[in-house]
Amino acid sequence: MDPPPLPRALRLALLLLLLASPAALAWKKDEFRNCNQTPFCKRARTRAPHSLDAPLSLAAGSLAVSSEGSLTAELSHPSRPRPLILRLSALPPHALRLQIDEDYSTNTPPNRRFHVPDVLLPDVDSRALHLSKPKTVGSVSTVALSSDLDVVVKHDPFELTVRRAGSGDPVLSFNSHGLFDFEPLQESKPEGETWEEQFRSHTDTRPRGPQSITFDVSFYGADFVYGLPEHGSTELALRPTRGPGVEESEPYRLFNLDVFEYLHDSPFGLYGSIPFMIAHGASASSGFFWLNAAEMQIDVLAPGWDGAASSENGRIDTLWMAEAGVVDAFFFVGSKPKDVIKQYISVTGTPSMPQQFAVAYHQCRWNYRDEEDVGGVDAGFDEHDIPYDVLWLDIEHTDGKRYFTWDRSTFPNPEEMQRKIADKGRKMVTIVDPHMKRDSGYYLHEEATAKGYYVKDASGKDYDGWCWPGSSSYPDMLNPEIRDWWADKFSYQNYKGSTPTLYIWNDMNEPSVFNGPEVTMPRDAIHNGDVEHRELHNAYGYYFHMATSDGLLKRGEGKDRPFVLSRAFFAGSQRYGAVWTGDNTADWDHLKSSIPMVLTLGLTGMTFSGADIGGFFGNPEPDLLVRWYQVGAFYPFFRGHAHHDTKRREPWLFGERRTALMREAIHMRYSLLPYYYTLFQEASVTGVPVMRPLWLEFPDDKETYNNGEAFMVGASILAQGIYEEGQKSVSVYLPGTELWYDLRNGSPYKGSVSHKLQVSEDSIPSFQRSGTIVPRKDRFRRSSTQMVNDPYTLVIALNSSGYAEGELYVDDGKSYDYQQGAFIHRRFVFADNKLTSINIAPDSLTKKVYSTECVIERIIVLGLPSGAKKAIIEPGNQEVEIDLGPISLRSGSKSVAPTVRRPNVRVVDDWTIRIA
């Protein structure tokens with residue numbers, strides 16, 4: 001039975017909210033809690049370092065190695081109702097896992113603490129190494145983590161340090177400032193104590209009382225720390241949030257929120273949360289990951305924060321605070337930053353391999369009105385010679401915001417519409433959000449209600465919140481049974497009007513609740529297993545994303561790779577699809593902040609990410625839109641999107657010249673699709689992101705450490721955005737000692753130098769690194785699907801030794817056959833005036849085969865000494881000509897680079913081309 005309707009005044013207020021203009025929905029500081037309004041954060045920040053207060057001064061005892069090979073200990077203090085149980089385990093090659101929970105064997109509270117399920121890979125425990133017996137001297141125990149790392153446990157007060165085995169130099173430490181606090185669960189509320197918390201008009205009953213956890217983590221040998229998405233920022237490194245010289249003292253907040261027109265530079269939390277931090281310096285890289293889905297606040301502490309006259313050189317202290325949960329933390333150590341990323345990925349999973357179409361350009365708007373509008377937009381791209389692959393439909397395509405339905409007055413023939421799009425090799429995406437309209441005539445609501453599948457409120461009734469459909473309830477995605485039920489809804493039988501070329505977009509899955517506290521679900525709502533929402537809030541969108549991805553996998557009988565875009569995310573979301581940076585704004589600051597935001601997502605596993613081209617809110621001035629296309633064409637996820645109150649902004653609506661510039665940016669992306677797809681394959685194996693900060697490729701170059709304006713695409717391409725209106729020149733730092741070649745005209749530039757370059761409207765500064773080979777496809781089609789059989793171009797940029805190398809990965813672009821060997825993976829090496837193609841696909845995967853007749857039709861060699869006139873292809877002793885050709889096939893390009901024309905060697909074959 002549906003609940004009684006909301007009071008008329010409240011319904012009217014919410015209706016006005018839904019109909020408000022973007023300006024009225026702009027981010028308002030007082031709508032979201034700050035640290036001082038968040039009791040657990042406020043309490044934690046008042047504690048002094050090295051305090052001997054009873055709750056903080058825990059002692060470690062009863063250290064032993066368990067039969068499973070982990071080190072266990074008891075943490076206790078006479079004032080605590082029960083001790084804590086500590087467990088240390090080692091994961092190869094250089095990772096330490098620390099788990100701390102209460103000992104429930106005595107003095108058992110009514111509820112136990114929540115351990116976040118289904119985020120870590122299922123084999124993490126089985127991969128743990130067997131630790132040796134610790135060596136104890138006095139009150140200090142030492143155990144070997146690996147051949148070159150030790151773990152040192154100080155007993156009283158408890159402290160943990162990961163250090164170099166030979167030198168004894170610390171790398172990471174836990175509780176070295178004595179700030180560890182683990183508020184014990186209580187059996188009942190003490191008389192006279194208040195557990196309720198108020199924020200604005202909302203009351204959090206907090207029936208289980210305070211249960212927060214706080215601790216300090218220090219990174220040694222670090223110049224900067226990075227990570228902790230998601231927040232807006234114009235800088236790549238995390239700035240200090242507390243201590244000397246810090247003006248605005250707010251921690252980085254991790255709490256998934258639906259934030260309209262978020263600030264471009266703020267530590268406040270946005271749509272997703274990944275509690276993973278990377279530290280990097282010239283001598284070391286390390287990382288720390290806390291598996292906890294409750295609200296989290298993290299301080300980066302400025303030198304001198306603790307009152308000390310000076311701090312250790314290269315040490316960065318941080319303070320981690322969470323409302324609930326347990327300590328389940330990982331310490332990662334690497335010689336280089338990529339090692340740290342790979343270790344994080346080894347516990348949370350590699351990014352999924354996308355379909356080829358998903359790497360191309362996407363066109364979206366809230367909303368394309370009807371089938372005629374869809375057809376007109378589709379035709380507009382063809383008429384203006386602009387390729388695209390995916391057309392998106394927002395919430396208005398549904399019947400009254402009921403998901404898995406169509407508004408038959410505007411979309412009467414959805415299958416036919418999709419088939420027309422698919423005939424050109426294109427796909428469509430529809431939106432499916434978690435709020436289910438509470439309507440007795442809506443089959444999905446009826447079924448969820450009957451099965452008891454909704455999240456409950458604190459009283460045990462189906463939670464009723466307000467979102468786009470009005471009165472709404474939310475499936476309890478923590479429950480695997482409910483996730484399976486949800487996945488079944490994507491079958492063609494259940495999702496009427498869907499076809500094999502329709503994919504899915506999950507929005508509002510923080511979850512967003514318009515009339516909830518901070519526009520989200522109340523913390524005292526109840527999930528499966530009597531888990532409070534406060535304990536899993538940041539993972540709700542992750543479970544929703546997982547269930548949707550599994551639904552598309554089921555729909556395709558396990559043969560079709562899903563594509564699901566999600567706004568909310570958590571650690572591990574990379575396994576299920578793409579994310580984007582949410583409801584940004586059409587201004588230059590948001591364009592600039594998109595780079596650090598996307599780079600940070602990549603560093604924390606979410607490599608398939610991007611920002612809405614042009615800004616979601618507002619009307620971008622034409623020059624801003626052009627610059628955004630030029631930058632966004634390098635994002636891993638490349639999508640134009642806009643709010644329904646904005647003017648239409650398809651790329652051909654801004655005059656002939658600007659249309660040409662946006663067309664050129666999109667064409668550039670399409671020509672680089674073979675390179676991008678190869679990078680996505682690398683990410684799916686190693687976790688190393690597609691779009692990278694400069695320091696990831698040049699970890700010893702301090703000039704790169706806080707550069708958030710330039711970025712690498714893979715190891716071969718560097719790009720620098722233009723982020724100011726009317727900008728005439730830009731300074732571009734090119735790292736390394738070798739040359740860089742202009743991506744457009746092949747002009748060489750020295751490395752380790754900042755170059756002041758004149759700004760051109762044609763493009764943003766972008767360069768190919770010498771010593772690399774980049775594969776391209778230069779014939780422009782309507783979509784990436786139509787490029788499948790087109791020939792390749794190789795662009796070789798020689799270093800000072802006349803050497804270069806690169807890779808090309810090719811598969812069918814859609815299925816999972818590549819997991820059984822159906823792919824081509826070639827390494828191209830240019831050395832001693834010879835280009836060689838080498839098969840690097842492993843011999844162990846041979847159950848299936850993928851082949852192609854595609855050939856290489858052009859080889860451009862930058863940095864080749866003049867005079868070469870011909871090349872010899874082996875086998876076959878075939879001679880082909882070398883003459884000057886253009887770097888790109890854009891109109892007006894000059895012939896500047898030696899080019900081997902029509903060698904027509906197959907990409908699947910072994911061959912050598914020798915420059916005569």
Side-chain angles (χ1 to χ4, degrees), residues 30-44 109-116 183 185-186 189 193-214 251 253-259 268-273 275 290 292-297 321-326 434-435 454-467 472-479 508-544 568 570:
D30 62 355
E31 292 181 353
F32 302 96
R33 302 204 306 184
N34 60 33
C35 181
N36 280 334
Q37 296 167 317
T38 307
F40 81 85
C41 183
K42 186 177 181 179
R43 289 196 302 273
N111 301 95
R112 296 193 176 196
R113 290 176 176 267
F114 178 62
H115 293 244
V116 183
E183 292 184 316
L185 291 172
Q186 300 186 50
K189 182 168 66 174
E193 189 171 313
T194 300
W195 283 356
E196 288 185 351
E197 290 180 1
Q198 305 287 333
F199 179 69
R200 294 169 67 92
S201 62
H202 299 279
T203 299
D204 176 5
T205 60
R206 287 214 312 161
R208 300 171 190 180
Q211 50 184 300
S212 70
I213 302 172
T214 303
R253 188 184 190 197
L254 296 184
F255 191 65
N256 293 6
L257 291 168
D258 178 2
V259 185
F268 285 96
L270 295 178
Y271 312 95
S273 299
W290 186 6
N292 190 326
E295 179 183 358
M296 207 177 285
Q297 305 260 7
M321 304 161 274
E323 184 182 14
V326 297
H435 43 262
Y454 284 139
V455 177
K456 311 302 179 187
D457 64 21
S459 71
K461 299 176 182 177
D462 286 350
Y463 173 69
D464 182 357
W466 202 267
C467 206
S472 303
S473 288
Y474 298 74
D476 183 3
M477 291 298 174
L478 176 62
N479 189 336
M508 314 295 285
N509 54 334
E510 293 75 28
S512 176
V513 182
F514 293 157
N515 63 333
E518 300 189 272
V519 201
T520 191
M521 188 174 284
R523 297 165 192 250
D524 55 6
I526 299 298
H527 293 261
N528 179 58
D530 202 28
V531 176
E532 283 194 297
H533 186 71
R534 80 182 73 251
E535 300 175 277
L536 65 84
H537 171 79
N538 287 342
Y540 181 87
Y542 163 82
Y543 294 122
F544 189 72
F570 187 64

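Because only heavy atoms are used, hydrogens play no part in the values below, and waters and symmetry mates are left out as well, while side chains stay in. Start at 1 with the first residue, then count along the sequence.
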How many angstroms lie between atom [atom1] of [X] and atom [atom2] of [Y], to the nearest 0.5 angstrom?
X: Tyr463; Y: Ser472; atom1: OH; atom2: OG; result: 9.5 Å
X: Met521; Y: Glu510; atom1: CE; atom2: CD; result: 11.0 Å
X: Asp457; Y: Ser473; atom1: CG; atom2: OG; result: 9.5 Å
X: Asn515; Y: Thr520; atom1: CG; atom2: OG1; result: 11.0 Å
X: Tyr271; Y: Asp258; atom1: OH; atom2: CG; result: 6.0 Å
X: Lys456; Y: Asn528; atom1: NZ; atom2: CG; result: 10.5 Å

For Asp524 and Thr205, does a side-chain donor sit closer than 3.5 Å to a side-chain acceptor? yes
Option from Arg534, Gln198, Glu196 for which side-chain contact (heavy atoms from CB on, under 4.5 Å) with Asp204 holds: Arg534
Kindly say whether [Y] contributes a backbone atom to a donor-acceptor pair with the side chain of [X] at under 3.5 angstrom?
X: Asp476; Y: Tyr454; value: no
X: Asn111; Y: Arg208; value: no
X: Glu183; Y: Ser212; value: yes
X: Asn292; Y: Ala324; value: yes

Check whether any side-chain heavy atom of [X] lies under 4.5 Å from a side-chain heavy atom of [Y], and answer yes or no.
X: Arg33; Y: Cys41; value: no
X: Pro207; Y: Trp195; value: no
X: His435; Y: Val513; value: no
X: Val259; Y: Phe268; value: no
X: Met296; Y: Pro251; value: no
X: Phe32; Y: Leu257; value: yes
X: Phe544; Y: Pro511; value: no
X: Met321; Y: Thr38; value: no

[X] versus [Y], closest heavy-atom pair with distance:
X: Pro434; Y: Asn509; value: CG-CA, 3.7 Å
X: Tyr543; Y: Met477; value: CB-O, 3.4 Å
X: Asp30; Y: Phe199; value: O-CZ, 3.8 Å
X: Ser512; Y: Tyr474; value: O-OH, 2.9 Å
X: Trp290; Y: Val326; value: NE1-O, 2.9 Å
X: Gln37; Y: Pro39; value: O-CD, 3.5 Å

Name the orientation class of the two ring planes belonging to Tyr542 and Phe570 (parallel below 30°, tilted from 30 to 60°, perpendicular beyond 60°). perpendicular
Can you label the angle between the Phe255 ring and the His537 ring as parallel, tilted or perpendicular, going by 30° and 60°? parallel
Salt bridge check: are Glu518 and Arg253 linked by an N-O gap of less than 4.0 Å? yes
Residue that, paired with Arg523, satisfies side chain to side chain donor-acceptor pair (under 3.5 Å) out of Glu532, Glu295, Glu535: Glu295
